Amino acid sequence: MEIQIKNLSGTSDKTCTCGTWLDHWVKISGKPLPNYCSISMCYQKPEVGAHVKKADLLNFSTYIVPMCKACNAKTEVLTLKDSDLLVSANVAETCGKQKPLLRR
């Protein structure tokens, strides 16, 4: 099943504890960075962790996908190569989640 996404604008000021959003994607996905951009028919190297949402109007979740800068600048609906490329951008639920203190 193809996953349709749209880039989100105004997210360049968002940060997380991983360093970069590409680092966030690697950490949360548990996978190595892909060799190519996540967008169908694009074979450029991923340069950014792009903030995206599913094109489905009923889904408001924000995700990170590895993307080249050219695809990250597009405003139209894009098709992902693989649905496994979506990683949550919700820092409170991923890298920003506080670990419980261990008591001795």
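Computed from a predicted model, the values in this text were never measured in an experiment. Heavy-atom basis, side chains included; hydrogens, waters and symmetry copies ignored.
- Contact between Thr15 and Val91 at its shortest, heavy atoms only, is O-CG2, 3.9 Å.
- With hydrogens and angles left out, the side-chain atoms of Thr79 and Gln4 include a donor and acceptor closer than 3.5 Å.
- Looking only at side-chain heavy atoms (C-beta outward), Ser40 and Lys81 come within less than 4.5 Å of each other.
- Here the shortest heavy-atom pairing between Ala55 and Val77 reads CB-CG1, 4.0 Å.
- Annotation: the span from Ile28 atom CD1 to Cys95 atom SG amounts to 5.5 Å, rounded to 0.5 Å.
- Across Tyr36 and Tyr43, no two heavy atoms sit closer than the pair CD2-O, 3.1 Å.
- For Leu78 against Cys71, the heavy-atom pair with the smallest separation is CD1-O, 3.9 Å.
- Contact annotation: the side chain of Val52 never approaches that of Thr62 to less than 4.5 Å [non-hydrogen atoms, C-beta and beyond].
- Figure legend: cation-pi geometry between Lys6 and Tyr63 absent, as NZ or CZ is not positioned both under 6.0 Å from the six-membered ring centre and within 45° of its axis.
- Distance check: Ile64 CD1 to Asn90 CG gives 10.5 Å after rounding to the nearest 0.5 Å.
- Inter-residue side-chain proximity for Ile3 and Leu86 is flagged as met; some heavy-atom pair is nearer than 4.5 Å.
- When every heavy atom of Gln44 is checked against every heavy atom of Cys68, the shortest pair comes out as CB-CB, 3.7 Å.
- Side-chain contact check for Leu22 versus Pro66: some heavy-atom pair is nearer than 4.5 Å.
- Residues satisfying the ring-ring contact (aromatic ring centres under 6.0 Å, His included) criterion with Phe60, sequence neighbours excluded, are absent altogether.
- Annotation for Asn7 and Ala50: closest pair OD1-CB, 4.1 Å, computed over non-hydrogen atoms.
- For the pair Leu85 and Trp25, the minimum side-chain heavy-atom distance is below 4.5 Å.
- Both Leu33 and Val87 belong to a common hydrophobic cluster when Ile, Leu, Val, Met, Phe, Trp and Tyr are linked at side-chain heavy-atom distances under 4.5 angstrom.
- Proximity of Cys37 to Lys45: side-chain heavy atoms (C-beta onward) are nowhere separated by under 4.5 Å.
- Here the straight-line distance linking atom CD of Glu47 with atom OG1 of Thr20 works out to 12.5 Å at 0.5 Å rounding.
- With sequence neighbours left out, Asp84 forms a salt bridge (Lys or Arg N to Asp or Glu O under 4.0 Å) with Lys31.
- Residues passing the ring-ring contact (aromatic ring centres under 6.0 Å, His included) test with Trp21, sequence neighbours excluded: His24, His51.
- Remark: Cys16 SG to Lys27 NZ distance equals 7.5 Å, nearest 0.5 Å.
- Of the possible polar contacts, none joining the Thr11 side chain to the Lys14 backbone as a donor-acceptor pair under 3.5 Å is found.
- In this structure, NZ in Lys53 is found 7.5 Å from CG in Leu8, a value given to the nearest 0.5 Å.
- Between Asp82 and Glu2, the closest side-chain pair of non-hydrogen atoms is not below 4.5 Å.
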